[in-house]
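A short worksheet on the structure shown next.
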Amino acid sequence: MTFGEQPAYLRVAGDLRKKIVNGSLPPHTRLPSQARIREEYGVSDTVALEARKVLMAEGLVEGRSGSGTYVRERPVPRSVARSGFRPAGGATPFRQEQADGEGRGTWESNSAQAQASSCVAERLDIKPGDRVMCTRYVFREAGEAMMLSTSWEPLAVTGRTPVMLPEEGPLGGMGVVERMAAIDVIVDNVTEEVGARPGLAEELVTLGGVPGHVVLVIQRTFFASGRPVETADVVIPADRYRVAYHLPVK
């Protein structure tokens, strides 16, 4: 292989990718067999197999047990709003989107006390093993799971208060800023770090992905006078959604 030349499996994958993108291999079409790829491109079985693996890792094709490999339907990415503006009433951006438009979004949640892991403890500036309220969410759009979220709040802040359970009580579902204000904790800053990684098996089962699919992970932390009062991981399928930020300009 000369300098700058692609490995054979990437060249084969690239040509098949072009055919998928331009519609020569439309959704639900069976990908050429390994023997056909070997014959058409003049490559070995190993190269043909690696090329198919590349397309599967990119989410362009999927294997069907006992049937073969097929081109996947390519979803049109939709936006998930992240906002620095606080809508009237204190609703979260997802809830506000559903209220303002023709949203068909629903969500379910479950809260339970837990001990902070070392990672969560570092983010909340508490000790590993300290008690936190852990809340897990599944957000759905037209019945389809589109976003997961797991949040942790230190019980040293919210314990034995009316806002200890994020989705219950008089301020249930109102969002971190409004709930904390009700117990005289004034949230004045939030940070979000966005990254990407392969989805965990349990995440992809819920989100409807296949092994190897990439998810976006938003690591969010709310602060009150420099003290972390809530941190969360928001997980979104990267092939179906884009994260859209709307930030105020001062």
Check: Asp15/Tyr41 side-chain N/O donor and acceptor closer than 3.5 Å
yes

Give, for atom OG of Ser151 and atom CD of Glu167, the distance between the pair rounded to the nearest 0.5 Å.
8.5 Å

Backbone N/O of Pro32 and side chain of Arg52: donor-acceptor pair under 3.5 Å
yes

Using atom types as modelled and distance alone, determine if a side-chain donor or acceptor of Thr161 lies under 3.5 Å from a backbone N or O of Thr158.
yes

Report, as yes or no, whether the 6.0 Å neighbourhood of atom CD on Glu122 holds more than 12 heavy atoms from other residues, nucleotides or ligands.
no

Taking the side chain as everything from C-beta on, heavy atoms only, tell me whether Ile37 gets closer than 4.5 Å to Val12.
yes

Using the test salt bridge (charged side-chain N to carboxylate O under 4.0 Å, His left out), find all partners of Asp130 that sit at least two apart in sequence or belong to another chain.
none

Step through the shown structure and confirm whether more than 12 heavy atoms of other residues, nucleotides or ligands are within 6.0 Å of CD on Glu39.
no

Do Leu25 and Tyr70 have side-chain heavy atoms sitting under 4.5 Å apart?
no

Arg30 atom CZ: more than 12 heavy-atom contacts under 6.0 Å:
yes

Quick one: does any side-chain atom of Glu203 pair with a main-chain N or O of Leu200 as donor and acceptor, under 3.5 Å?
yes

Shortest non-hydrogen contact between Arg38 and Ala48, atoms and distance
N-CB, 4.4 Å

I want to check something: taking the side chain as every heavy atom from C-beta on, are Met147 and Val80 in contact at a cut-off of under 4.5 Å?
yes

Do Arg123 side-chain atoms and Ala232 backbone N/O form a donor-acceptor pair below 3.5 Å?
yes

Determine whether Asp188 and Phe222 make a side-chain contact, defined as any pair of heavy atoms from C-beta on separated by less than 4.5 Å.
no

State, with a plain yes or no, whether a side-chain heavy atom of Ile218 is found less than 4.5 Å away from one of Asp233.
no

Can you confirm whether Val54 sits close enough to Leu60 that some side-chain heavy atom of one is under 4.5 Å from a side-chain heavy atom of the other?
no

CD/Glu193 to OG1/Thr221 distance, rounded to the nearest 0.5 angstrom?
7.5 Å

Would a distance-only check, ignoring hydrogens and angles, find a side-chain to backbone donor-acceptor pair under 3.5 Å from Arg179 to Val163?
yes

Roughly how far apart are Glu153 CD and Met180 CE, rounded to 0.5 Å?
4.0 Å

Using side-chain heavy atoms (C-beta onward) and a distance below 4.5 Å, is Leu148 in contact with Thr206?
yes

Using the side-chain hydrogen bond (donor to acceptor under 3.5 Å, both in side chains) criterion, which residues pair with Arg11? Sequence neighbours excluded.
none

Side-chain touch Ile20/Val61, heavy atoms, less than 4.5 angstrom:
yes

Counting only heavy atoms not in Arg197, do more than 12 sit closer than 6.0 Å to its CZ atom?
yes

Are the side chain of Thr29 and the backbone of Pro26 linked by a donor-acceptor contact shorter than 3.5 Å?
yes

Checking the side chain of Arg160 only, and the main-chain atoms of Ala156 only, is there a donor and an acceptor separated by less than 3.5 Å?
no

Whether the side chain of Ser149 engages the backbone of Val234 through a donor-acceptor N/O pair (distance < 3.5 Å, no angle test) should be reported.
no

